[in-house]
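Only one structure is covered here, and it is reproduced in the block below.
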Number of protein chains: 2
Amino acid sequence: MALRHAVLAVLLGGELSGYQLAKVFDTGVSNFWFASPQQLYTELTKLEQAGLVDGRLVIQVNRPNKRVYTVTEDGVAELDRFAAADAKPAVIRDDLLVKVHAVDPSRARAVVARIEERAVQAAAKAELFDETLRNLRGDLDEETFLATAERIGPYLTCLRGKRFEEENLDWCRRSADLIRARWGAEMREE
Amino acid sequence: MALRHAVLAVLLGGELSGYQLAKVFDTGVSNFWFASPQQLYTELTKLEQAGLVDGRLVIQVNRPNKRVYTVTEDGVAELDRFAAADAKPAVIRDDLLVKVHAVDPSRARAVVARIEERAVQAAAKAELFDETLRNLRGDLDEETFLATAERIGPYLTCLRGKRFEEENLDWCRRSADLIRARWGAEMREE
DNA sequence: AGGAACATGTAAATAGTTACATGATTGC
DNA sequence: GCAATCATGTAACTATTTACATGTTCCT
């Protein structure tokens, strides 16, 4: 049950609505915490009931009203406790690697196709992380930013995300090539 | 519900008991599919009921009897269907990155300690993956192995795991250094 | 008129975690 | 005798996914 901490960590960057939070989780945070919009709406309600965030209704013209959330003092205290606790090993579940693990001549064609799809997505995500990094830095170069910024956490996690996707891309290309090299003949025969 | 496919993919490598399967998931497969022993025992029972694996009791002397499982024809067919389907985006949930995302001067000391713990684990895992790669290769060099082996899938996923942990280690070191550089003074004051 | 982005939920079903339970053998 | 490894489960609880539900505004 650390979704709550992931939400609190993101809200540290400023008040957000459930919808905005879902977008952040879909991009900047997706490399270390996956959560669906439904989960986030539910979690925000629970966090507000627990007093860890404050909700505030924002009346909007030209679009539906929204409820934005801020971390409370209790929420910050909860993050303090969380930071002090041992980090659990990361949980990863990746369909694509399961497919690759099971690859054989008869499945090679399908698996290579899946790998190539993932390669495209990885390249796009790496670019997205890079864009986020540029936005976080603003006019500063990386060194200056990291030495002076109020919050360097989001930048550090984003660096990890960018590298992860770059490595994904590299692995996808190499693996697809190797599978074709190993079973190219059988793949063509089918 | 792709735990079943992860189990089938691993059992492709030869018959295993629940206990042995749990060990494989704890090491070689942990970089792309996390599952607890309890989950695996439950899943094997379900897979056998569904006819995707065959269980066989092995009587042992000097240690408790065990039940080992093999993939059936239906199980292979299920893997074929799975390989052909779109790969879902990977689900990742990593406590440590949440802690780093939320790092600030007051939490810096605790977060750096967690990062350093993870660095040690990452180094150990990278070494473990490397060992597994050597075992898979046997006497062959990597190129020859990948060009000739019956099953290259486990080798490819293991390569990804090794690189992932190496990158983790690198990121951990760099991030700990950067947090210390940014807030070293405040960290000493506490 | 239809699709995309904005905005938020509930309910049912599935999956996953944690605690509890048991028992043998080997090596120190 | 005690810890570690081998070996397998059940049950209660929590978390997550998926399907269903609704309604606005902007743009084409």
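Below, chain A is the first sequence line, B the second, and so on; all start at residue 1.
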Between [N] atom [atom2] and [X] atom [atom1], what is the distance in whole Å?
X: B:Q39; N: D:dT16; atom1: CD; atom2: P; answer: 13 Å
X: B:W33; N: C:dA15; atom1: CH2; atom2: C1'; answer: 11 Å
X: B:R63; N: D:dA4; atom1: CZ; atom2: P; answer: 17 Å
X: A:L21; N: C:dA5; atom1: CG; atom2: P; answer: 19 Å
X: A:L40; N: C:dT8; atom1: CG; atom2: C1'; answer: 12 Å
X: B:D26; N: C:dT17; atom1: CG; atom2: C1'; answer: 15 Å
X: A:N65; N: C:dC6; atom1: CG; atom2: C1'; answer: 11 Å
X: B:Q38; N: C:dT22; atom1: CD; atom2: P; answer: 16 Å

Side chain of [X] only, please: which of [options] is the nearest?
X: B:P64; options: D:dT18, D:dG23, C:dG23; result: C:dG23
X: B:K88; options: D:dG9, D:dC6, D:dT18; result: D:dT18
X: A:Y19; options: C:dA5, D:dT16, D:dC6; result: C:dA5
X: A:S17; options: D:dG9, D:dT16, C:dT8; result: C:dT8

Checklist entry - Which is true for B:R4 with a 4.0 Å heavy-atom rule: it touches a base, it touches only sugar-phosphate, or it touches nothing? => result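 If one applies the 4.0 Å heavy-atom cut-off, B:R4 turns out to touch nothing in the nucleic acid.
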Next on the checklist: Please give me every residue in residues 41-49 of chain B whose heavy atoms get under 4.0 Å of an atom in DNA chain D, ordered by residue number.
Outcome noted: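 Going residue by residue through residues 41-49 of chain B, the ones with a heavy atom under 4.0 Å of DNA chain D turn out to be B:Y41.
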Checklist entry - Between the side chains of A:N135 and A:T132, does any donor sit under 3.5 Å from an acceptor? => result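 Note: A:N135 and A:T132 side chains miss the donor-acceptor criterion.
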Item to check | Option among B:R174, B:R180, B:R173 that satisfies the side-chain hydrogen bond (donor to acceptor under 3.5 Å, both in side chains) test with B:D177 | outcome: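 For B:D177, the side-chain hydrogen bond (donor to acceptor under 3.5 Å, both in side chains) check succeeds only for B:R180.
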Item to check | Shortest non-hydrogen contact between A:V53 and A:Y69, atoms and distance | outcome: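 Heavy atoms of A:V53 and A:Y69 come nearest at CG2-CD2, 3.8 Å.
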Item to check | Atom of B:I152, atom of A:L178 and distance for their closest heavy-atom approach | outcome: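 Scanning both residues completely, I find the closest heavy atoms to be CD1-O, 4.2 Å.
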Checklist entry - Got more than 12 heavy atoms from elsewhere within 6.0 Å of CZ, B:R163? => result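 Check fails, neighbour count at 12 or below.
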Item to check | DNA chain D: 5'-proximal contact among B:V91 and B:R67 (nearest heavy atom) | outcome: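 Nearest-nucleotide comparison on DNA chain D picks B:R67.
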Next on the checklist: Judged by each residue's nearest nucleotide on DNA chain D, which is more toward the 5′ side, B:Q20 or A:A2?
Outcome noted: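 Nearer the 5' end of the strand: B:Q20.
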Checklist entry - Would B:K66 count as a cation-pi partner of B:Y19, with NZ or CZ less than 6.0 Å from the six-membered ring centre and within 45° of the ring normal? => result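 Because its charged atom misses either the 6.0 Å distance or the 45° angle limit, B:K66 does not stack over B:Y19.
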Short side-chain N/O contact from [X] to OP1 or OP2 of [N], under 4.0 Å:
X: A:K66; N: D:dT24; result: no
X: A:K23; N: C:dA5; result: no
X: B:N62; N: C:dT26; result: yes

Next on the checklist: Quick check on the 6.0 Å ring-centre criterion: do A:Y155 and A:F145 meet it?
Outcome noted: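 Yes, ring centres under 6.0 Å apart.
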Checklist entry - For the ring-ring contact (aromatic ring centres under 6.0 Å, His included) test, which of B:F82, B:W33, B:F32 pairs with B:H5? => result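 Of B:F82, B:W33, B:F32, ring-ring contact (aromatic ring centres under 6.0 Å, His included) with B:H5 is met by B:F82 alone.
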